[in-house]
Undergrad: 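Please see the structure below; I have some questions.
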Amino acid sequence: MASTQAIFPTAVAACLDAAGHPQGKLPDFARDRGTLVAMYSDMVRTRTFDAKAIALQRTGRLGTYASCLGQEAIGVGVAHAMRGDDVLLPAFRDHGAQLVRGVTLEEMFLFWGGDERGNDFAGPRRDFPVCIPVASQLPQAAGVALAMVHKGEPGVAVALAGDGATSKGDFYEALNIVGAWHLPAVFVINNNQWAISMHRSHQTACDTLAQKAVAAGLPGERIDGNDVIAVRDAVRRALAHARAGKGGTLIECLSYRLGDHTTADDASRYREDEDVRPHWKAEPLVRLRSHLTKAHGWSKDEEDALLRGCQSQVNTAAERYLAMTPEPPRAMLDSLFATLPEDLLPAARELDDG
Amino acid sequence: MASTQAIFPTAVAACLDAAGHPQGKLPDFARDRGTLVAMYSDMVRTRTFDAKAIALQRTGRLGTYASCLGQEAIGVGVAHAMRGDDVLLPAFRDHGAQLVRGVTLEEMFLFWGGDERGNDFAGPRRDFPVCIPVASQLPQAAGVALAMVHKGEPGVAVALAGDGATSKGDFYEALNIVGAWHLPAVFVINNNQWAISMHRSHQTACDTLAQKAVAAGLPGERIDGNDVIAVRDAVRRALAHARAGKGGTLIECLSYRLGDHTTADDASRYREDEDVRPHWKAEPLVRLRSHLTKAHGWSKDEEDALLRGCQSQVNTAAERYLAMTPEPPRAMLDSLFATLPEDLLPAARELDDG
Amino acid sequence: MAEMTMIEAIRTALARALEDDDDVIVMGEDVAIDGGVFRATDGLVQRFGAARVRDTPLSETAIAGVAIGAAAHGLRPVAEIQFMGFLYPAIDQLANHAARLRNRTRGRLGCPMVLRAPFGGGIKAPEHHSESTEAMLAHIPGLRVVIPSAPAKAYGLLLAAIRDPDPVVFLEPKRLYRSVSEDVADDGAALALDTAFVLREGSDVTLVTWGAMVTETLQAATSLAAEGLSAEVIDLGTLKPYDRAAIRASVARTGRCVIVHEAPLTAGFGAEIAADLAEHRLTSLLAPIRRVAGYDTVMPYLRLEAHYMPSTARILDAVRSVMEFA
Amino acid sequence: MAEMTMIEAIRTALARALEDDDDVIVMGEDVAIDGGVFRATDGLVQRFGAARVRDTPLSETAIAGVAIGAAAHGLRPVAEIQFMGFLYPAIDQLANHAARLRNRTRGRLGCPMVLRAPFGGGIKAPEHHSESTEAMLAHIPGLRVVIPSAPAKAYGLLLAAIRDPDPVVFLEPKRLYRSVSEDVADDGAALALDTAFVLREGSDVTLVTWGAMVTETLQAATSLAAEGLSAEVIDLGTLKPYDRAAIRASVARTGRCVIVHEAPLTAGFGAEIAADLAEHRLTSLLAPIRRVAGYDTVMPYLRLEAHYMPSTARILDAVRSVMEFA
Ligand SMILES: Cc1ncc(C[n+]2csc(CCOP(=O)(O)OP(=O)(O)O)c2C)c(N)n1
Ligand SMILES: Cc1ncc(C[n+]2csc(CCOP(=O)(O)OP(=O)(O)O)c2C)c(N)n1
Ligand SMILES: [Mg+2]
Ligand SMILES: [Mg+2]
């Protein structure tokens with residue numbers, strides 16, 4: 001029972017308050033200016049990418065896009081806690097995590113622009129592509145963890161999912177098998193309070209999402225998802241736990257979806273601006289910037305340089321993406337199987353001719 | 001949090017110990033001799049049916065059959081707690097519950113003998129037929145509960161499922177929607193320790209199955225499933241709770257599968273006789289009989305008469321079942337739709353001719 | 001009569017059904033306050049209340065299972081799966097339960113539910129938002145599969161589906177949601193299920209299709225007419241059970257058949273139609289039966305999507321090849 | 001060489017694969033100590049240990065999803081679904097992930113998994129234990145569907161499936177598990193996938209089938225021979241992608257085709273074969289293509305099951321009707 005009772009404190013672990021004041025002693029890594037600046041920079045880069053992606057979509061140059069506005073700390077914190085030999089299984093709102101893992105901005109534009117090459121990352125070769133069917137990446141994460149155990153690799157499978165995802169059977173079956181098989185897998189829930197139009201309070205009668213870990217005999221934790229230090233620290237601990245052979249963890253990160261669900265959504269249909277406004281006060285970038293400024297002398301110049309740098313990186317990547325010619329039509333067949341079966345030759349010929 | 005913390009006591013509620021001694025004050029209904037005798041009789045009738053079904057299967061006169069040996073108290077206790085306007089959604093091992101609900105012995109033989117007419121109960125017209133795909137009856141129970149609420153009926157949907165069923169996504173999705181929608185549904189888990197060859201300890205890392213209710217924000221309870229009084233009492237309370245508009249409950253009943261999984265199974269492949277033997281000491285019939293004898297003067301004559309009565313009822317039903325001619329082949333089409341579509345006319349003709 | 005898009009016609013039919021029958025409820029992800037991601041249910045919760053127009057948690061298995069339980073206990077649930085690519089977790093409930101409940105209880109319990117799902121590509125949607133897996137569903141005995149191809153048909157067929165005593169999967173070609181409008185009378189009149197629609201009469205070749213591909217198919221027929229070729233265009237309307245008689249009759253007259261669908265070729269529903277003709281109208285056939293279908297691959301992401309979708313040109317090529325056949 | 005039943009051949013192939021390649025793991029419900037409900041994995045856990053032969057919790061979605069994740073990360077999982085009727089909850093993972101992973105990552109991640117499932121009726125099993133839904137799976141682009149029809153084929157095809165770099169659904173006709181035995185060499189030799197087997201050569205009519213129905217089909221061919229009719233019998237072996245060339249070539253010679261399958265007629269896989277012939281071999285056809293298939297209804301409970309299963313007599317009727325056709 002020990003493991004399951006641990007989650008009952010509904011307290012939300014945070015390292016910084018909304019104004020950026022440390023809450024008690026910070027974790028070791030968070031006392032290093034360079035580390036904090038790296039995390040901050042990645043959050044800014046993520047937000048810059050996000051804004052550009054929305055702009056491209058609005059002008060018809062990108063497909064439907066899911067903004068991560070206000071949730072940058074989760075992806076960035078998670079990926080900063082991970083090692084190269086871990087594997088990330090992202091959902092569709094985890095741009096920050098993908099960027100930190102080494103997926104390039106150009107690859108990300110390609111993916112959201114509707115080009116499969118965007119999933120053929122040059123960087124984290126074993127990371128999974130974005131997963132669209134909600135929660136279906138979670139059983140796969142258990143499978144990756146199983147392969148790691150089997151091969152004696154020291155890695156951990158880390159999957160991200162939303163609050164809505166916790167209602168799916170997949171989530172639960174995966175969590176249960178992680179528990180039953182004692183697998184090195186960490187599930188991080190981005191509880192951004194919304195699943196399209198459904199508020200978290202209607203998604204489940206649970207007080208917390210972390211308590212769902214109780215159903216699998218796993219430890220669950222609640223973290224302030226606007227606090228990148230807290231996210232990273234919680235994931236770091238969960239990864240160490242898993243790497244030590246102690247099994248998986250469910251981490252609920254509390255955040256807020258400041259934007260629409262996707263560019264195809266209009267959140268004003270189901271929530272008021274007044275509901276959203278207070279959450280701007282708690283958003284993750286301001287918080288870490290305040291802390292950096294107060295505790296590490298982060299300057300206006302540094303900030304400006306960072307913003308300019310991110311903007312130019314993102315613009316360059318967007319230009320490269322836009323300049324890239326689409327694949328030839330028969331690319332839709334070429335990677336379906338390792339070797340094209342004969343059955344598909346007529347289609348391949350048609351596509352070549354067409 | 002109150003609702004979810006309630007389950008943490010791992011204590012198992014029981015009214016009688018294995019020797020039939022009352023543990024504290026018995027619930028009101030359990031002080032009435034007639035009520036106890038009725039429950040006892042239903043358990044004996046269930047066990048008699050069970051033995052006959054196995055015998056018929058062994059001689060090729062019934063299909064594969066799932067014995068409920070040792071688990072009679074669960075079905076009988078559940079159904080005795082229910083009212084006529086409740087709806088039962090049974091799994092495949094809930095013969096006791098079906099019998100008490102009014103499904104006839106003959107209908108049950110028909111079903112297990114491979115005849116759909118066995119599901120066309122004359123008695124509980126709104127109860128569901130036996131559900132084979134594990135856990136798939138649970139979302140349906142939520143749907144029945146929804147219909148009851150919608151129609152202003154005072155009923156509760158009661159579904160039975162096994163310990164293995166609690167690993168399925170269906171179980172969890174159903175439980176979650178019962179919680180989220182506050183539906184009058186009660187899920188009773190027959191934790192008979194086995195899912196075919198998998199012991200409960202491998203099915204999930206949870207210490208209890210009742211704690212899985214925590215994932216849905218529902219109350220969960222653990223009951224001694226060999227104690228028909230305790231089962232009935234727990235279900236009675238859960239039904240009252242649901243009828244009062246307070247929502248659903250998950251009840252874990254601890255029992256033991258004394259027989260093979262089904263007549264197609266050979267449990268000696270995966271468990272030792274020594275593992276099973278101690279559980280015979282806790283089985284439900286002996287327990288209630290001891291209590292009846294000690295507290296209510298249940299006599300040897302009464303016992304003999306009961307056994308004889310059950311035997312003759314079961315034999316008569318079996319004979320009627322065996323004498324019943326199968327439906328004509330085209331019955332396989334006649335109830336597929338409310339009205340046979342034209343598309344099926346050629347098949348109907350073929351079946352009529354063939 | 002009012003001019004409506006297909007999405008408006010669907011909404012109007014849902015409102016009509018909710019109005020007419022208290023047992024009708026609407027449920028699905030985002031169907032209430034948001035009005036559905038395509039707005040099919042816009043305004044319904046305001047009009048009929050949150051008890052009858054219900055947002056579900058994000059769980060497709062539960063959506064289908066709850067609909068079944070509710071239907072068996074006397075409601076007429078109209079459940080929505082947000083996109084057909086997310087329907088797979090509901091198939092177990094559909095195939096193992098919805099489609100069987102009446103049969104296995106020999107009529108004691110019915111399952112008058114409708115499962116709506118937008119389907120098909122061509123709107124440059126993200127991955128998994130463009131599937132056409134109607135053939136998988138049409139293989140399940142006991143299930144009806146209905147696909148409207150225009151606003152008035154959507155209205156009449158949806159009402160028929162809701163009133164039908166058996167389970168219906170109602171697949172809505174999302175490419176047509178807003179692309180065409182026509183006059184629709186909100187008169188509560190249902191259209192007959194299991195009956196094909198002849199969209200255009202013709203004598204030289206029979207074109208059979210359903211859903212969004214009626215657009216390209218009718219375009220092809222128009223082009224052919226300009227060339228002096230008379231194409232009959234049949235819209236199945238109901239895929240299972242489908243109107244074999246209508247197609248056989250048409251092909252008996254024309255002697256030629258081209259079947260058009262967006263789903264992958266192999267084991268697509270076009271195969272069933274061709275097979276039926278190869279058995280029952282072989283001697284009428286003057287030319288091979290051609291299927292113009294999606295390629296046997298995953299619907300590509302949006303940059304290549306247009307190359308996947310069967311085009312008017314591909315239909316015309318196929319028709320010409322069967323016309324030239326001798 | 002040893003005489004083996006199909007279940008023994010499958011077990012032997014699994015042992016061989018486990019022996020040859022450390023990345024192969026076997027997983028499913030009751031596959032370890034119990035050796036599988038049909039004993040396909042009997043003795044494997046004792047020989048290869050509980051880390052490689054794994055009992056899973058009762059959760060088919062997880063079984064498929066775990067297999068995908070493990071395959072993508074370098075293992076070669078052979079997962080078992082206990083009965084095909086319980087495969088539906090795995091379809092989402094199969095269709096939306098297993099079948100697509102290589103394509104959507106442009107080859108970066110593969111999915112070399114095998115999902116085994118016993119299928120088909122005729123053993124008087126309980127409800128939901130007798131399905132044949134191979135056509136649904138064969139419609140999914142990117143998936144291979146393989147069905148053996150005899151012990152040696154089961155051995156060779158299963159090894160091929162396990163070694164294949166792409167996902168394979170391996171459907172085992174459970175009616176044949178113990179009904180026939182033949183010599184099987186445990187020589188580690190795989191059979192070619194995607195290639196049909198000509199079980200019997202003939203010149204008058206082509207009978208196409210797969211799985212357990214080879215029994216009745218061969219019986220029919222024998223009866224026909226006694227009447228002086230020469231039937232060619234083709235066993236597909238792989239349903240997707242299937243050996244269109246072999247069937248077209250046979251029908252080009254015989255001019256007549258009868259397709260036999262146990263699954264319901266409508267949108268069954270027989271439709272695909274007939275449709276392919278109606279397009280590519282129309283001029284060779286001397287008679288209508290007949291499909292002898294299950295009726296479009298739910299497999300009945302055991303008392304009526306025999307009336308559902310396509311019988312030798314029904315096959316003979318169909319063959320006679322195409323032979324008499326003029
Ligand atoms: C299985 C499935 N059902 C429905 C959808 C459509 N859909 C996309 S995102 C979404 C809401 C997801 O909510 P949540 O899990 O909280 O993630 P968030 O969008 O908030 O990041 C829905 C319903 C889907 N992608 N997958
Ligand atoms: C979804 C599904 N998977 C597999 C099976 C095969 N099967 C039948 S019973 C069973 C074990 C069920 O265990 P449990 O839920 O504990 O019920 P019990 O048999 O102990 O009553 C299995 C795996 C099934 N019926 N349904
Ligand atoms: Mg969310
Ligand atoms: Mg059990």
Side-chain angles (χ1 to χ4, degrees), chain A residues 63-66 92 110-119 129-136 162-171 195-199 202-204 261-262 264-267 269-271 326-336 341 343-344 346-348 350-351 354, chain C residues 28-39 42-43 45 50 54-63 65 82-83 85-90 92 123-131 264-266 292-308 310-311 313-314 317:
Chain A
T64 302
Y65 173 75
F92 43 80
L110 266 178
F111 171 78
W112 292 99
D115 189 321
E116 283 84 349
R117 287 173 297 182
N119 288 327
V130 161
C131 181
I132 303 278
V134 167
S136 60
D163 44 314
T166 66
S167 293
K168 284 272 304 174
D170 312 40
F171 162 76
I196 308 188
S197 70
M198 179 169 270
H199 190 260
H202 297 291
Q203 192 66 245
T204 177
H261 170 66
T262 63
D265 178 53
D266 170 9
R269 293 179 62 87
Y270 51 80
R271 69 182 189 189
E327 295 178 288
R330 75 166 272 172
M332 73 174 80
L333 298 177
D334 286 336
S335 308
L336 190 63
D343 201 44
L344 289 175
E350 238 183 84
L351 284 165
Chain C
E29 293 159 14
D30 307 294
V31 298
I33 174 82
D34 195 32
V37 289
F38 287 103
R39 310 290 173 251
D42 197 17
V45 73
R54 286 186 169 255
D55 277 336
T56 60
L58 210 170
S59 43
E60 282 77 9
T61 303
I63 291 173
Q82 209 157 60
F83 287 88
F86 311 130
L87 188 144
Y88 296 110
D92 184 41
I123 63 157
K124 302 199 168 210
E127 194 183 0
H128 298 291
H129 286 70
S130 303
E131 342 293 300
L265 178 84
T266 299
V292 179
Y295 299 108
D296 279 315
T297 189
V298 180
M299 168 71 81
Y301 290 7
L302 68 88
R303 271 189 162 189
L304 295 186
E305 185 182 10
H307 297 279
Y308 172 93
S311 60
R314 281 179 64 203
D317 281 353

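Worth saying up front: this structure is predicted, and the values here are computed from it rather than measured. Chain letters run A, B, ... following the sequence lines, proteins first, then strands; residues in each count from 1.
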Undergrad: Checking A/P328 against chain C: side chain, backbone, both or neither under 4.5 Å from a heavy atom?
TA: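 The backbone, not the side chain.
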
Undergrad: Using heavy-atom distances under 4.5 Å, tell me whether A/D334 contacts chain C through its side chain, its backbone, both, or neither.
TA: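 Interface part for A/D334: neither.
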
Undergrad: Out of C/R39, C/M299, C/E29, return the one with the most heavy atom pairs under 4.5 angstrom to chain A.
TA: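 The option with the most such pairs is C/R39.
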
Undergrad: Can you tell me which of A/G169, A/G113, A/A195 forms the most heavy-atom pairs within a distance under 4.5 Å of chain C?
TA: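 Ranked by heavy-atom pairs under 4.5 Å with chain C, first place is A/G113.
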
Undergrad: Let's test your reading of the structure: which of C/D55, C/D30, C/V298 forms the most heavy-atom pairs below 4.5 Å with chain A?
TA: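 The option with the most such pairs is C/D30.
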
Undergrad: What part of A/R271 gets within 4.5 angstrom of chain C, counting heavy atoms only: side chain, backbone, both, or neither?
TA: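 Looking at A/R271, nothing touches chain C.
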
Undergrad: With a 4.5 angstrom heavy-atom cut-off, which part of C/T56 approaches chain A: side chain, backbone, both or neither?
TA: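 Backbone only.
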
Undergrad: Can you sort out the partners of C/Y295 under ring pair (Phe, Tyr, Trp, His ring centres under 6.0 Å), two or more places apart, ordered by chain and number?
TA: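 Checked C/Y295 against ring pair (Phe, Tyr, Trp, His ring centres under 6.0 Å); zero matches.
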
Undergrad: Heavy-atom distances under 4.5 Å only: say whether A/L344 touches chain C with side chain, backbone, both or neither.
TA: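 Just the side chain, heavy atoms under 4.5 Å.
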
Undergrad: Could you tell me whether the side chain of C/P300 reaches within less than 4.5 Å of the side chain of A/E327, counting heavy atoms only?
TA: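 In short, these two side chains do not touch, never coming nearer than 4.5 Å.
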
Undergrad: Mind ranking C/Y301, C/F86, C/F83 by heavy-atom pairs under 4.5 Å with chain A and telling me who comes out on top?
TA: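 Result: the option with the highest number of such pairs is C/Y301.
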
Undergrad: Measuring centre to centre across the rings, with the benzene-like ring taken for any Trp, is A/F111 within less than 6.0 Å of A/F92?
TA: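 No, the ring of A/F111 stays outside the 6.0 Å limit from the ring of A/F92, centre to centre.
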
Undergrad: Can you tell which of C/V37, C/L87, C/L58, C/V31 makes a side-chain contact (heavy atoms from CB on, under 4.5 Å) with C/Q82?
TA: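 It is C/V37; the other options fail the test.
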
Undergrad: Any idea which heavy atoms bring C/D296 and C/L265 closest together, and the distance?
TA: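 Closest approach of C/D296 to C/L265: OD1-N, 3.5 Å.
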
Undergrad: Go through the atoms of C/Y308 and report whether side chain, backbone, both or neither lie under 4.5 Å from a heavy atom of chain A.
TA: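 Contact with chain A is through both the backbone and side chain of C/Y308.
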
Undergrad: Residues two or more places apart in sequence or in another chain: which of them pass side chain to side chain contact (heavy atoms under 4.5 Å, CB included) with A/S136?
TA: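 Applying side chain to side chain contact (heavy atoms under 4.5 Å, CB included) to A/S136 gives A/C131, A/P133, A/D170, D/D92, D/Q93, D/H97.
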
Undergrad: Answer yes or no: is there an ion pair linking A/R330 with A/E350, defined by an N-O contact shorter than 4.0 Å?
TA: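 Here A/R330 does not pair with A/E350 in a salt bridge, since their nearest N and O are not under 4.0 Å apart.
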
